[in-house]
Chemist: 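Following this message is one structure expressed as structure tokens.
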Number of protein chains: 2
Amino acid sequence: MTERDAVRLEQQLCFALYSASRAMTTCYRPLLEDLGLTYPQYLVMLALLEREPVTVKDLGATLRLDSGTLSPLLKRMAAAGLLTRSRSAVDERSVVVSLTEAGEALRGRIAEVPAGVLAALGSSLEQIVALQADVTAFLARMERAVGE
Amino acid sequence: MTERDAVRLEQQLCFALYSASRAMTTCYRPLLEDLGLTYPQYLVMLALLEREPVTVKDLGATLRLDSGTLSPLLKRMAAAGLLTRSRSAVDERSVVVSLTEAGEALRGRIAEVPAGVLAALGSSLEQIVALQADVTAFLARMERAVGE
DNA sequence: CTCAATTTGGTTGCGCACAACTCAATCGAG
DNA sequence: CTCGATTGAGTTGTGCGCAACCAAATTGAG
């Protein structure tokens, strides 16, 4: 592989992920708009619907986001009435995030989102499952390499 | 596939792309910092080093970014002395972007970036090439589905 | 017990992304 | 040619991401 190819090739992997990620959120946007959620807020809802209550630290580890991103995001979601934040009694450093009734009430509508997105992706379920596995494996190798 | 799986599965494809894309830019960041570039600015440099001069419209089509993103980004790069912007004589609506000598002079150092990133990815070149092809194909299917 | 180091979450500042809008230039139907 | 529609950039406002920094709570070596 020549150096010229390397520039184009390497660009294409990072650029492919960058473009695909943004195109993906564009697919979600109209569906999430009906729920009053942004895409990162949707991810927070998925995390909370699966496990709750949870600390900001754990949420950050799950979503790979730091407090600089999560703090204002959670504040907006709390202002929207979807969740509550409270200091842990056990460890006053920790903030525990819980869904409100209004947040929990979105479960059904959130469960309908993936089917709506699938139609807009233009790929088969098999292709999506396979790609997800490949990207997830790649991400795991990257995180392991960085961790060393 | 149950609806419960669908939520988790679908989440995982979009979330995998979202996480992998961000982890990827994290790999680039320290290398690009030495060049005084952000990751989107690096993509602009790659596009310009491959074809130049180019209009803002064409640059946006290449990078899938609109003027709301590109205008201030290009303004910052112009302020950094990397490129110039000028109205086209043929069509006064268009703005033509060209590299300055300082911008062109970065070609060599930019060409060294991919090799540096490769080391931090933890994946083989074969894995990266294969994943790039899969993600690019997925992106193409998505754009085709949206275009219909 | 004590106090320095660590952990947790928050704030600030900057640079994207993107929607919504404005304006000037160009196009094109009639 | 004319004028309404379209196109290409730019501006504004909002919401991420993330680095850098801060304060408070906790931990742990001595």
Side-chain angles (χ1 to χ4, degrees), chain A residues 14-15 17-30 32-33 36-45 54-61 63-80 82 84-97 146, chain B residues 14-15 17-30 32-33 36-44 54-80 82 84-97 146:
Chain A
C14 67
F15 179 62
L17 290 172
Y18 167 75
S19 303
S21 177
R22 288 191 295 120
M24 195 73 140
T25 69
T26 298
C27 285
Y28 278 88
R29 192 168 296 114
L32 296 181
E33 199 165 357
L37 295 173
T38 66
Y39 178 71
Q41 289 171 10
Y42 168 72
L43 294 180
V44 168
M45 288 301 296
V54 68
T55 65
V56 171
K57 170 185 162 67
D58 288 344
L59 202 51
L63 301 178
R64 276 86 164 170
L65 292 171
D66 68 3
S67 67
T69 299
L70 282 177
S71 286
L73 189 156
L74 293 173
K75 190 186 287 189
R76 280 187 288 272
M77 292 181 74
L82 297 174
T84 60
R85 295 181 300 157
S86 61
R87 290 281 165 183
S88 164
V90 180
D91 184 341
E92 293 262 335
R93 291 173 302 181
S94 295
V95 168
V96 176
V97 180
V146 170
Chain B
C14 65
F15 179 63
L17 290 172
Y18 167 77
S19 304
S21 177
R22 287 191 295 119
M24 195 72 141
T25 69
T26 299
C27 285
Y28 278 88
R29 192 168 295 114
L32 296 181
E33 200 166 357
L37 295 173
T38 65
Y39 178 72
Q41 290 171 9
Y42 168 73
L43 294 180
V44 168
V54 69
T55 65
V56 172
K57 171 185 161 67
D58 288 344
L59 202 52
T62 300
L63 301 178
R64 275 85 163 173
L65 291 171
D66 67 5
S67 68
T69 299
L70 283 177
S71 286
L73 188 156
L74 293 174
K75 190 185 287 188
R76 280 187 288 271
M77 292 180 75
L82 297 174
T84 60
R85 295 181 299 158
S86 61
R87 290 281 165 183
S88 164
V90 182
D91 185 340
E92 294 261 336
R93 289 172 304 182
S94 294
V95 168
V96 177
V97 180
V146 170

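In what follows, chains carry the letters A, B, and so on, assigned in the order in which the sequence lines appear, proteins first and then strands, with residues in each chain numbered from 1.
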Chemist: What is the separation between atom CZ on B:Arg29 and atom P on D:dA20, rounded to the nearest whole Å?
Modeler: 10 Å

Chemist: Rounding to a whole Å, what distance do you find between A:Met24:CE and C:dC18:P?
Modeler: 15 Å

Chemist: If you only use heavy atoms from C-beta on, which nucleotide in D:dA25, D:dC16, C:dC18 is closest to the side chain of A:Asp91?
Modeler: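 The answer is D:dA25.
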
Chemist: The test is side chain to side chain contact (heavy atoms under 4.5 Å, CB included); show your working for B:Thr38 and B:Leu32 and say whether it passes.
Modeler: CA-CA 6 Å; B:Thr38 65; B:Leu32 296 181; over 6 Å; no

Chemist: Side chain of B:Asp66 only, please: which of D:dT26, C:dA19, C:dT11 is the nearest?
Modeler: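 Nearest to the side chain of B:Asp66 among the choices is C:dA19.
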
Chemist: Give a yes or no on whether the backbone of A:Ala20 and the side-chain of A:Arg22 come within a donor-acceptor separation of less than 3.5 Å.
Modeler: no

Chemist: Grab the CG-P distance between A:Leu70 and C:dG10 for me, whole Å please.
Modeler: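 In whole Å, C:dG10 P and A:Leu70 CG are 9 Å from each other.
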
Chemist: With the side chain of A:Lys57 defined as its heavy atoms from C-beta on, choose the nearest nucleotide among D:dC16, C:dG9, D:dG17.
Modeler: C:dG9

Chemist: Working to the nearest 0.5 Å, report the span between CZ of B:Arg76 and CG of B:Leu74.
Modeler: 9.5 Å

Chemist: Counting side-chain heavy atoms from CB outward, which of C:dG10, C:dC16, C:dA25 is closest to B:Arg93?
Modeler: C:dA25

Chemist: Is there a side chain to side chain contact (heavy atoms under 4.5 Å, CB included) between B:Val44 and B:Leu82 once you walk through the steps?
Modeler: CA-CA 11 Å; B:Val44 168; B:Leu82 297 174; over 6 Å; no

Chemist: Which part of the nucleic acid, if any, lies within reach of A:Thr55 when heavy atoms closer than 4.0 Å are counted: base, sugar-phosphate only, or nothing?
Modeler: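 Since only primed, P, OP1 and OP2 atoms lie under 4.0 Å of A:Thr55, the category is sugar-phosphate.
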
Chemist: For the pair made of CG in A:Leu37 and C1' in D:dG15, what is the distance, rounded to whole Å?
Modeler: 13 Å

Chemist: Roughly, in whole Å, what's the span from CG in B:Leu43 to P in C:dG15?
Modeler: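 From B:Leu43 CG to C:dG15 P: 17 Å.
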
Chemist: Look at the side chain of A:Thr69 and decide which nucleotide, out of D:dA9, C:dT26, D:dC16, has an atom nearest to it.
Modeler: D:dC16

Chemist: Give the ring-plane orientation class for B:Tyr39 versus B:Tyr28, where under 30° counts as parallel, over 60° as perpendicular and anything between as tilted.
Modeler: tilted

Chemist: Kindly point out which of C:dA17, C:dG15, C:dG9 is positioned nearest to the side chain of B:Arg76?
Modeler: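 Selected nucleotide: C:dG15.
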
Chemist: Hey, does A:Val90 reach any base, or is it just sugar-phosphate, or nothing, if we go heavy atoms under 4.0 Å?
Modeler: sugar-phosphate

Chemist: Of all heavy-atom pairs between B:Cys27 and B:Pro30, which one has the smallest distance, and what is that distance?
Modeler: O-CD, 3.6 Å

Chemist: Is the shortest side-chain N/O distance from A:Arg64 to OP1 or OP2 of D:dC18 below 4.0 Å?
Modeler: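 Answer no for this pair, as no side-chain N or O of A:Arg64 is under 4.0 Å from OP1 or OP2.
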
Chemist: Taking for each residue the nucleotide of DNA chain C bearing the nearest heavy atom, is the 5' side occupied by A:Pro72 or by A:Glu33?
Modeler: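 On the 5' side of the pair lies A:Pro72.
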
Chemist: DNA chain C: A:Tyr18 or A:Val95, which has the more 5' nearest nucleotide?
Modeler: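 Counting from the 5' end, the first nearest nucleotide belongs to A:Val95.
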
Chemist: Is there, by distance only and without an angle test, a donor paired with an acceptor across the side chain of A:Ser67 and the base of C:dG10 below 3.5 Å?
Modeler: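 Result: at least one qualifying N/O pair found.
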
Chemist: Tell me what A:Leu73 touches on the nucleic acid: a base, only sugar-phosphate, or nothing, going by heavy atoms under 4.0 Å.
Modeler: sugar-phosphate

Chemist: Please report, rounded to the nearest Å, how far the C1' atom of D:dG17 is from the CD atom of A:Gln41.
Modeler: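 Those two atoms, CD and C1', are 14 Å apart.
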
Chemist: By the 4.0 Å heavy-atom rule, please label A:Ser94 as base, sugar-phosphate, or nothing.
Modeler: sugar-phosphate

Chemist: Consider the side chain of A:Arg87, meaning its heavy atoms from C-beta on, and name the nucleotide among D:dG10, D:dA19, C:dG10 that approaches it most closely.
Modeler: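 The answer is C:dG10, which lies nearest to the side chain.
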
Chemist: Report the distance from atom CG of B:Leu63 to atom P of C:dC16, rounded to the nearest whole Å.
Modeler: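 Computing the B:Leu63:CG to C:dC16:P distance gives 12 Å.
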
Chemist: Can you tell me if the side-chain N/O atoms of A:Lys75 get under 4.0 Å from OP1 or OP2 in C:dG10?
Modeler: no

Chemist: With respect to the side chain of A:Arg22, which nucleotide from D:dT11, C:dA17, C:dG9 is positioned closest?
Modeler: C:dA17

Chemist: Between B:Leu65 (CG) and D:dG10 (C1'), how many Å, whole number?
Modeler: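 Interatomic distance, CG of B:Leu65 to C1' of D:dG10: 15 Å.
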
Chemist: Is A:Thr38 near enough to D:dT14 that one of its side-chain N or O atoms lies under 4.0 angstrom from OP1 or OP2?
Modeler: no

